[in-house]
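Below is one structure, written out as structure tokens, with a few remarks after it.
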Amino acid sequence: MSATVKVLIADDQPLVRRGLALMLAPEPGFQVVAEAADGAEAVRLAHEHRPDVVVMDIRMPVLDGIAATGRLTAELPDCRVLALSTFDMDEHVVGALRAGACGFLPKDISPEDLVAALRVVRDGEAILAPRLLTRLISRHVTAPDRRAAPPEPPGAEGLTPRERDVWRLIARGADNAEIADGLGVSASTVKNHITSLFAKLRVRDRAQAVIAAYETGLVTARRET
């Protein structure tokens with residue numbers, strides 16, 4: 001893996017693209033390799049420049065950010081996508097996470113947070129805070145019809161009871177340390193359970209696991225007070 005983080009910025013607003021690029025310009029170890037004004041251009045330029053991370057606006061013409069994220073996830077699996085949204089509770093962010101985005105950034109993000117997020121995502125982690133993730137998904141993912149048993153995702157039938165416990169805790173917003181404490185196991189054991197869980201559910205990351213938990217009724221949304 002190169003020490004330089006190659007970034008592609010996709011947004012239909014030129015000022016947003018320029019602003020994000022200028023934030024990264026003075027940072028050592030970052031290179032903005034291309035800028036795109038729509039999702040189709042983002043996919044084309046990603047194939048051409050092979051960025052480590054694409055900062056992808058969700059709402060764009062020609063091909064929106066959700067569809068573009070889905071294509072990049074399928075066509076360039078080593079390329080990580082960060083959704084870009086004006087509102088942190090935007091229902092379209094869930095669509096981007098479902099399509100394979102590793103998290104999302106607000107458009108008013110600070111330079112320090114942008115740099116940190118890009119580094120974390122380049123290293124293969126998600127940057128969405130667990131509780132924000134669960135709030136977002138529980139608000140916008142449709143609960144299953146309780147009159148019929150909702151289908152479980154492929155592979156769920158092979159989960160062990162402990163893996164199902166871990167899945168439920170992930171869906172409730174617990175981080176790895178909280179899961180380890182709650183189950184009385186080590187952090188490394190939790191990581192092993194999560195690796196096995198993701199493989200069996202055929203999900204890419206924590207966000208997709210949480211979406212699957214709400215879609216199947218493993219957990220349900222709690223009322224906000």
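Residue numbers run from 1 in the order of the sequence given.
In this structure, Ile170 and Leu197 have side chains that are in contact, with non-hydrogen atoms separated by less than 4.5 Å. Under the 4.5 Å side-chain criterion, counting only non-hydrogen atoms from C-beta, Leu118 is in contact with Val55. In this structure, Leu76 and Val54 have side chains that are not in contact, with every pair of non-hydrogen atoms separated by 4.5 Å or more. A heavy-atom distance below 4.5 Å is not found between the side chains of Asp11 and Leu20. Side-chain contact check for Leu183 versus His193: every heavy-atom pair is 4.5 Å or farther apart. At a threshold of 4.5 Å between non-hydrogen side-chain atoms, the residues Gln13 and Lys107 count as touching. Counting only heavy atoms from C-beta outward, the side chains of Leu159 and Leu201 approach each other to under 4.5 Å. No side-chain heavy atom of Asp38 sits under 4.5 Å from any side-chain heavy atom of Asp12.
For the pair Thr69 (side chain) and Ala101 (backbone), a donor-acceptor distance under 3.5 Å is absent. Looking at Arg80, its side chain never comes within 3.5 Å of a backbone N or O of Arg122 through a donor-acceptor pair. Between the side chain of Asp64 and the backbone N or O of Ile58, no donor-acceptor pair lies under 3.5 Å.
Salt bridge annotation for Arg50-Asp78: absent, with no cationic side-chain nitrogen under 4.0 angstrom from a carboxylate oxygen.
Remark: Arg17 CZ to Leu84 CG distance equals 12.0 Å, nearest 0.5 Å. Interatomic distance, Arg168 CZ to Ile179 CD1, rounded to the nearest 0.5 Å: 12.0 Å. The distance from the OG1 atom of Thr160 to the CG atom of Asp165 is 8.0 Å, given to the nearest 0.5 Å.
Considering only residues two or more places apart in sequence or on other chains, Glu75 meets the side-chain hydrogen bond (donor to acceptor under 3.5 Å, both in side chains) condition with His47, Arg71.
The only option from Leu45, Val32, Val53 that meets the side-chain contact (heavy atoms from CB on, under 4.5 Å) definition with Leu8 turns out to be Leu45.
The number of heavy atoms from other shown groups lying within 6.0 Å of NZ (Lys191) does not exceed 12.
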